[in-house]
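Each remark here refers to the structure printed beneath this line.
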Number of protein chains: 4
Amino acid sequence: MKTKDRIIKASLELFNEHGERAITTNHIAAHLGISPGNLYYHFRNKEDIIRCIYTEYESYIVEAFRPYDVEHESDLGFMVRFLDGMLQVMWRYRFFYANLGDILNRDDELRARYVKVQEKMDVQSASALRILRDNGTVELEDIYIADLAQTLKMIVACWIGFQSTQKIDGTVTKNEIYQGVLRVLTTFRGYIADKARPEFDRIETQYRQLLKDSAAETAEI
Amino acid sequence: MKTKDRIIKASLELFNEHGERAITTNHIAAHLGISPGNLYYHFRNKEDIIRCIYTEYESYIVEAFRPYDVEHESDLGFMVRFLDGMLQVMWRYRFFYANLGDILNRDDELRARYVKVQEKMDVQSASALRILRDNGTVELEDIYIADLAQTLKMIVACWIGFQSTQKIDGTVTKNEIYQGVLRVLTTFRGYIADKARPEFDRIETQYRQLLKDSAAETAEI
Amino acid sequence: MKTKDRIIKASLELFNEHGERAITTNHIAAHLGISPGNLYYHFRNKEDIIRCIYTEYESYIVEAFRPYDVEHESDLGFMVRFLDGMLQVMWRYRFFYANLGDILNRDDELRARYVKVQEKMDVQSASALRILRDNGTVELEDIYIADLAQTLKMIVACWIGFQSTQKIDGTVTKNEIYQGVLRVLTTFRGYIADKARPEFDRIETQYRQLLKDSAAETAEI
Amino acid sequence: MKTKDRIIKASLELFNEHGERAITTNHIAAHLGISPGNLYYHFRNKEDIIRCIYTEYESYIVEAFRPYDVEHESDLGFMVRFLDGMLQVMWRYRFFYANLGDILNRDDELRARYVKVQEKMDVQSASALRILRDNGTVELEDIYIADLAQTLKMIVACWIGFQSTQKIDGTVTKNEIYQGVLRVLTTFRGYIADKARPEFDRIETQYRQLLKDSAAETAEI
DNA sequence: AATGAATGAGCATTCATTCAT
DNA sequence: CATGAATGAATGCTCATTCAT
């Protein structure tokens with residue numbers, strides 16, 4: 001792997017584990033066994049590293065918004081896969097959300113990019129909800145669509161960080177991803193049309209099982 | 001006002017405006033026109049200031065959980081007033097939530113206190129939901145109560161911080177409080193029983209009006 | 001007791017236990033439950049406290065140099081009582097010797113007083129040795145008297161501090177006083193005349209017993 | 001010279017001249033014309049500098065304990081060269097002994113290392129005395145060997161520091177080294193066997209001459 | 001590409017001391 | 001006599017960043 005990529009990889013890992021605030025550029029260099037000078041050969045400054053990580057994150061997000069394969073999966077099935085994917089990204093870049101305010105306050109350019117993507121997400125999410133509404137999967141009046149879309153996004157975005165503040169040890173595992181998907185489903189529950197209820201229940205049951213298995217596995221370790 | 005209180009007040013203001021990370025103890029002292037030594041006469045260290053602010057915050061939270069006046073208000077009416085109060089607190093101590101992870105990671109004692117209050121909130125919210133369910137205001141199965149309670153708490157807790165990341169200028173005003181209450185109502189909407197729907201709609205309309213008025217006022221300024 | 005005396009007493013105790021460097025004027029005031037301002041009402045500064053302690057110490061030293069009761073004790077017996085007294089003083093003011101260099105470097109006036117007393121001690125010790133030599137208790141040429149006197153003084157002066165550096169826990173107890181007297185006797189041993197040897201041995205045996213008793217007592221605790 | 005070595009050298013000089021307490025890391029950096037950051041690039045903290053100086057000191061001590069060349073020198077001759085070497089070390093690291101208590105109290109690891117070396121010195125000194133006794137150079141009963149060994153060590157260890165407290169100007173010169181050797185000899189004098197007396201006197205005379213020459217030289221300056 | 005010594009402004013904190021009350 | 005808030009220079013130390021090699 002190229003040094004530049006190794007720096008990004010190590011920074012992401014260290015940021016996620018100890019928080020961006022606690023990790024200095026010297027920590028990153030030492031962790032990789034390279035000199036601080038070399039790190040600054042590849043990146044202009046610490047912000048630059050964070051921007052690169054953000055770029056990576058953004059491409060994952062865009063990827064997650066790919067249209068669904070209408071022939072091989074139901075729309076609810078797609079939705080769940082989408083949520084799952086999003087939460088994986090939130091997990092992968094959890095340091096970013098833990099310090100989102102600080103990071104955006106320090107870097108106007110990054111903020112502009114971030115806000116732009118957020119707006120795009122709002123639009124796409126709303127249109128997805130509208131499709132679900134139009135084909136009778138959910139029952140939802142127009143005026144609530146934008147709000148619900150943003151609420152779901154917020155739950156996904158805040159989930160990992162919020163969970164880590166609710167526990168005395170502060171550790172978060174991948175388990176929380178399944179819990180996060182379930183939480184979005186629960187939030188969604190009230191809007192599901194009767195005709196889609198059976199499939200919805202099936203999906204929920206299936207995720208509950210995944211969570212149980214994952215929790216058992218974690219406990220074993 | 002006593003110097004100790006002035007330090008707490010100034011710290012809270014500066015933390016909210018610039019972020020806890022960006023504000024040093026010397027900034028606080030200079031802002032108040034006192035010497036750094038004097039600040040340390042009143043507080044052992046920066047953490048101590050944050051803990052004092054947290055204590056203040058905690059007492060607001062506890063205050064917000066007072067039982068409702070059953071003779072003079074409906075349960076939905078109480079709920080809205082409660083949400084309103086909670087969001088005011090979130091606004092008042094928004095720096096705390098913006099840096100929650102960092103702050104709790106650095107201070108185990110504070111984390112313990114925070115987690116304890118969070119658990120108490122979960123219990124009380126769940127029991128409030130159960131009352132609403134039992135008197136027919138909402139329709140909600142037992143297994144969903146805990147999750148819904150926590151989701152609502154999460155929306156309230158993350159609302160201010162999340163909003164400030166969604167806008168290019170990053171500023172959040174008290175308007176967002178009305179929006180926050182409305183968002184919780186929307187999330188709640190799917191669970192409201194038919195018989196409570198009229199009152200629910202009335203309350204929502206009323207809050208939409210408050211928001212419109214407030215937004216107009218802000219715009220004027 | 002007067003506040004001034006309480007400050008001196010507390011300072012001496014705290015300095016001895018934690019070292020002068022580690023004890024601030026605020027520590028002393030807090031330990032006594034008085035205000036720092038009050039401490040500075042009684043003393044101009046920290047140095048002033050140390051000077052007062054020194055004055056007390058000096059009077060003990062002068063006291064120890066009282067002539068001996070020629071009718072009721074032998075000269076060797078007197079010498080041992082004298083050594084014992086000196087070492088008690090060294091114990092009582094052990095912080096002073098532990099930081100002697102620092103303290104004298106910071107306070108020229110104190111240094112002048114200290115040096116003056118030291119010179120007086122040298123003269124008096126030498127004349128005492130001369131008496132012992134003249135009455136045949138010790139065998140010692142003139143040219144060695146001054147040196148031996150100073151060596152003995154040095155052993156007494158450094159004893160407590162030196163012992164505390166030789167042990168892993170750094171604690172020194174009153175036991176070390178008996179050991180100190182014995183060490184001076186051992187150093188003296190080579191110069192004792194044959195005719196005084198029996199009494200010398202008797203005194204040494206007696207002190208060894210005292211040490212054994214004291215050590216046993218310490219162990220019990 | 002490497003910067004790290006320059007820092008050690010400058011620290012040792014400044015500590016010796018003004019006392020460890022009075023010299024801050026910023027003083028050292030300013031004295032060398034380097035930034036405080038650079039100093040902390042080479043050393044983790046002030047303690048680390050002191051530990052490095054101590055390591056240097058320890059290697060000198062170990063060096064001084066090399067066995068003597070039985071073919072080319074007498075045992076008394078060796079002893080004097082050894083004492084001379086030890087006192088040179090005490091001179092070179094005099095700040096260390098002046099603040100020994102403080103330094104060891106603040107640094108448990110250093111204390112452990114120091115105590116270990118002290119114990120080794122006691123053992124080696126005692127066995128050296130036993131050799132001198134066995135070949136008839138000194139007359140000394142077994143039970144006094146350990147005590148005499150420690151007394152001599154104490155005189156060597158405290159000599160420089162003690163001398164600096166005995167003079168009104170507080171300055172100590174290399175002259176004191178010769179005086180120190182002579183003082184140890186005087187302390188030893190009482191135990192020398194008759195057959196070794198002539199050589200002992202010769203050595204003493206020789207050192208007295210060295211001292212006289214050195215004093216004259218110092219006076220000239 | 002990479003090194004690693006060097007920078008320097010800044011940080012949290014300390015503490016002997018002052019002074020109005 | 002006594003209080004306790006206030007001072008401010010100083011301390012040990014950090015860290016993003018630079019630059020000659």
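Everything quoted here is computed from the prediction, not taken from an experiment. Sequence lines set the chain letters: A, B, ... in the order given, protein chains first and strands last, and positions in each chain run from 1.
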Open item on the list: Both Ser35(C) and His42(B) contact DNA chain F. Taking the nearest nucleotide for each, which residue is further toward the 5' end?
Closed with: Ser35(C)

Open item on the list: Between Tyr114(B) and Glu58(B), do the side chains contain a donor N or O and an acceptor N or O under 3.5 Å apart?
Closed with: no

TODO: Return the 5'-most residue of the pair Lys4(D), Lys2(A) with respect to DNA chain E, ranking by each residue's nearest nucleotide.
DONE: Lys2(A)

Task: Separation of dA6(F) C1' from Leu32(B) CG (nearest whole Å) - done: 13 Å

Task: Minimum side-chain heavy-atom gap Arg106(A)-Arg21(B) below 4.5 Å - done: yes

Task: Between Asp169(A) and Thr171(A): side-chain donor-acceptor atoms closer than 3.5 Å - done: yes

Open item on the list: Checking the side chain of His31(A) only, and the main-chain atoms of Ile28(A) only, is there a donor and an acceptor separated by less than 3.5 Å?
Closed with: no

TODO: Sugar-phosphate means primed atoms, P, OP1 and OP2; the rest is base. With that split, encode nucleotides 14-21 of chain E 5' to 3' as B, S or - using protein heavy atoms under 4.0 Å.
DONE: BBBBBB--

Task: Interatomic distance where CD1 belongs to Ile28(A) and P belongs to dA2(E) [whole Å] - done: 16 Å

TODO: Not counting sequence neighbours, list each pair that qualifies as a salt bridge (Lys or Arg N to Asp or Glu O under 4.0 Å) and has a residue in residues 35-52 of chain C.
DONE: Glu20(C)-Lys46(C), Arg51(C)-Asp107(C), Arg51(C)-Glu109(C)

TODO: Pick base, sugar-phosphate or nothing for Leu39(D), based on heavy-atom distances below 4.0 Å to the nucleic acid.
DONE: nothing

Task: Residues Tyr54(D), Tyr57(D); criterion ring pair (Phe, Tyr, Trp, His ring centres under 6.0 Å); working and verdict - done: CA-CA 5 Å; Tyr54(D) 176 77; Tyr57(D) 152 85; 5.3 Å; yes

TODO: Please determine, for dA1(E), whether a Watson-Crick or G-U wobble partner exists with both distances under 3.5 Å, and give it or none.
DONE: none

Task: G-U wobble or Watson-Crick pairing nucleotide for dT21(E) (cut-off 3.5 Å, both distances) - done: dA2(F)

Open item on the list: Side-chain N or O of Thr3(C) versus OP1/OP2 of dC1(F): is the shortest distance under 4.0 Å?
Closed with: no

- [ ] Measure the distance from CD on Glu20(D) to P on dT11(F) and round it to the nearest whole Å.
- [x] 13 Å

Task: Between dC13(F) (C1') and Ile49(D) (CD1): distance, integer Å - done: 12 Å

